[in-house]
Amino acid sequence: MRYFRPVPCPFDRPQALPIAGGPLGFAEIEVISRDGVEVLPVVAIEALWPEAPEAVERIATARPALAGIEFDRPRIMGIVNVTPDSFSDGGRHDSVEAAVAHALGLVEAGADVLDIGGESTRPGAEPVAEEAELSRVLPVIDGLARAGCPVPISIDTRKAAIADAALASGARIVNDVSGLTHDPAMAAVAARAEGVILMHAQGDPRTMQDAPDYGDVLLDVYDFLLGRLAAAEAAGIPRHRIAVDPGIGFGKTMAHNLALIRRLSLFQALGTAVLLGASRKRFVGTLSGVVPAERRVAGSVAAALAAAAEGAQILRVHDVRETREALAVWQAIRAAESQKGWV
Ligand code: HH2
């Protein structure tokens, strides 16, 4: 099998097509196989392989808004963990009022969507019973709805019952870190959401970091997401409502995480929005030499910018204000590079 990765460039470079409608473009494609990588102009590959024109079209086509989120620029998903044990902010927002206030503060800081989670999926985390998870997230979603939260709410859960109740309370997106594999009832519930995030993980949170193993991490994750997209579509979830996510830190070594971020634009060939969550994760701490997770802000922003430069549509972050500010500078510099400015 051949895989087609757009090489990002300014969208108005001669012969360039937009990546997912813009703002980045691509004039070259890396044609990747399990034997190696070849770089070719887009115009050349269309004639070479029968599957190439369709892949180019999937990469270039604009992504429609997902739960009202427009993809004319990278969007920020603010993380709200209502858990006692999340790796970087566990126990911070364990009253409903504190969690709602924190979430509204993230909106104020520039979050385009909020992701509410009641079960930590950090490496080594123990599963949480359904009732406990429900009692953590539902009052926060209700509280946000009552406060007139102006951005869509995503529920970060692997369980159908939680997603079901969250949607009934006003959540619009289901974010399942198991890619709809953990709970057989999840796909049918997710089909009612305006947006579904399919993430790749190898193993479950308890054991996933024991010995992550891939033939080729980039291509293995791509194959997994391709399969989950087909399963989701078969369950009645149209592709335009889906975003995919390679799952940084979920059964991945440092080398795996870096390989995925370095060539993140490959996932644009799936024809959906791409989300990346690198915020405060262990590899950021290792690379930046910062041990306390809540102080890994600068390294996390660097990872978010790298993902934006690879065309990522959604960045899942704890530090919304810092990411927003960094993106504004990055976008202006990218705009200066092209003649027509930022679209
Ligand atoms: N990472 C975490 C949780 N949910 N969802 C998506 N789509 N992508 C991610 O990378 C992702 C995710 C883990 O991070 P966090 O929520 O900060 O920690 P914890 O699981 O300990 O609550």
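Here the structure is a predicted model, which is why all the values come from computation and not from measurement.
- E51 and R2 make their closest contact through OE2-NH1, 2.7 Å (heavy atoms, listed as atom of the first residue, atom of the second, distance).
- In this structure, E130 contributes its side chain and K159 its backbone to no donor-acceptor pair below 3.5 Å.
- Remark: F250 CZ to T121 OG1 distance equals 3.5 Å, nearest 0.5 Å.
- Of all non-hydrogen atoms in A308 and L24, the two that sit nearest each other are O-CD1, 3.5 Å.
- Here the side chain of R63 pairs a donor or acceptor atom with the backbone of T61 at under 3.5 angstrom.
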- [ ] Go through the steps to decide whether Q313 and I69 satisfy the test side-chain contact (heavy atoms from CB on, under 4.5 Å), and finish with yes or no.
- [x] CA-CA 10 Å; Q313 281 85 4; I69 308 164; over 6 Å; no
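- Counting only N and O atoms by type, the side chains of Y3 and D216 include no donor and acceptor under 3.5 Å apart.
- With contacts defined as side-chain heavy-atom distances shorter than 4.5 Å, the pair F267/L260 qualifies.
- Taking 4.5 Å as the limit, every side-chain heavy atom of D204 sits out of range of all side-chain heavy atoms of H182.
- One side chain, D142 or S169, offers a donor N or O that lies under 3.5 Å from an acceptor on the other.
- By the 4.5 Å heavy-atom criterion applied to side chains, I314 and P74 are not counted as neighbours.
- We find that D112 and R324 are joined by a salt bridge, their nearest charged nitrogen and carboxylate oxygen being less than 4.0 Å apart.
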- [ ] Could you go through the side-chain contact (heavy atoms from CB on, under 4.5 Å) check for M1 and S33 one step at a time?
- [x] CA-CA 6 Å; M1 172 150 161; S33 72; over 6 Å; no
Open item on the list: Test side-chain contact (heavy atoms from CB on, under 4.5 Å) on F4 and L266; report intermediate values, then the result.
Closed with: CA-CA 6 Å; F4 300 99; L266 173 71; 5.8 Å; no
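- Remark: I45 CD1 to E30 CD distance equals 11.5 Å, nearest 0.5 Å.
- Applying the 6.0 Å contact sphere to CZ of R58 captures more than 12 heavy atoms from other residues, nucleotides or ligands.
- For the atom pair CE (M199) and CZ (R316), the distance works out to 9.0 Å, reported to the nearest 0.5 Å.
- For the 3.5 Å distance criterion, the side chains of N81 and T83 fail to qualify, holding no donor opposite an acceptor.
- The closest side-chain donor-acceptor pair between Q202 and Q209, if any, does not fall under 3.5 angstrom.
- Contact detail for V151 and A111: the closest heavy-atom pair is CG1-O, 3.5 Å.
- Looking at heavy atoms from C-beta onward, E133 lies in side-chain contact with T157 at the 4.5 angstrom threshold.
- Hydrophobic clustering (ILVMFWY, side-chain heavy atoms < 4.5 Å, transitive): V196 and L315 are in one cluster.
- Taking S265 as the reference, R5, E310 meet the side chain to side chain donor-acceptor pair (under 3.5 Å) condition, with sequence neighbours excluded.
- Listed by chain and number, the residues in a ring pair (Phe, Tyr, Trp, His ring centres under 6.0 Å) with H102 are H93 (sequence neighbours excluded).
- Proximity of R158 to M186: side-chain heavy atoms (C-beta onward) are nowhere separated by under 4.5 Å.
- L17 contributes atom CG, which lies 12.5 Å from atom CZ of F11 (distance to the nearest 0.5 angstrom).
- The aromatic rings of Y214 and H256 lie perpendicular to each other, with more than 60° between the two planes, well past the 30° mark.
- Ring orientation note: the planes of H200 and F224 are nearly perpendicular, at an angle over 60° on the 30°/60° scale.
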Task: R34 and D223: CA distance, side-chain angles, deciding distance, salt bridge (charged side-chain N to carboxylate O under 4.0 Å, His left out) verdict - done: CA-CA 12 Å; R34 290 187 183 263; D223 287 346; 3.0 Å; yes
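- When all heavy atoms are compared, the tightest approach of E46 to P53 is OE1-CA, 3.3 Å.
- E194 and L66 make their closest contact through O-CG, 4.3 Å (heavy atoms, listed as atom of the first residue, atom of the second, distance).
- Atoms CG and CG, on L287 and L258 in that order, are 6.0 Å from each other to the nearest 0.5 Å.
- The line from CD1 of I141 to CG of L167 is 8.5 Å long, rounded to the nearest 0.5 Å.
- Within the 4.5 Å cutoff, side-chain heavy atoms of M208 are placed close to those of P123.
- The nearest pair of heavy atoms linking L218 to I32 is CD2-CD1, 4.1 Å.
- A donor-acceptor contact shorter than 3.5 Å is absent between the side chain of D156 and the backbone of D115.
- A donor-acceptor pair under 3.5 Å links the side-chain atoms of R228 to the main chain of L180, judged by distance alone.
- In terms of modelled atom types and a separation under 3.5 Å, the side chain of E119 and the main chain of V128 share a donor-acceptor contact.
- By the side-chain contact (heavy atoms from CB on, under 4.5 Å) test, V284 is found to be paired with S288, R296, S300, residues two or more places apart in sequence or in another chain being considered.
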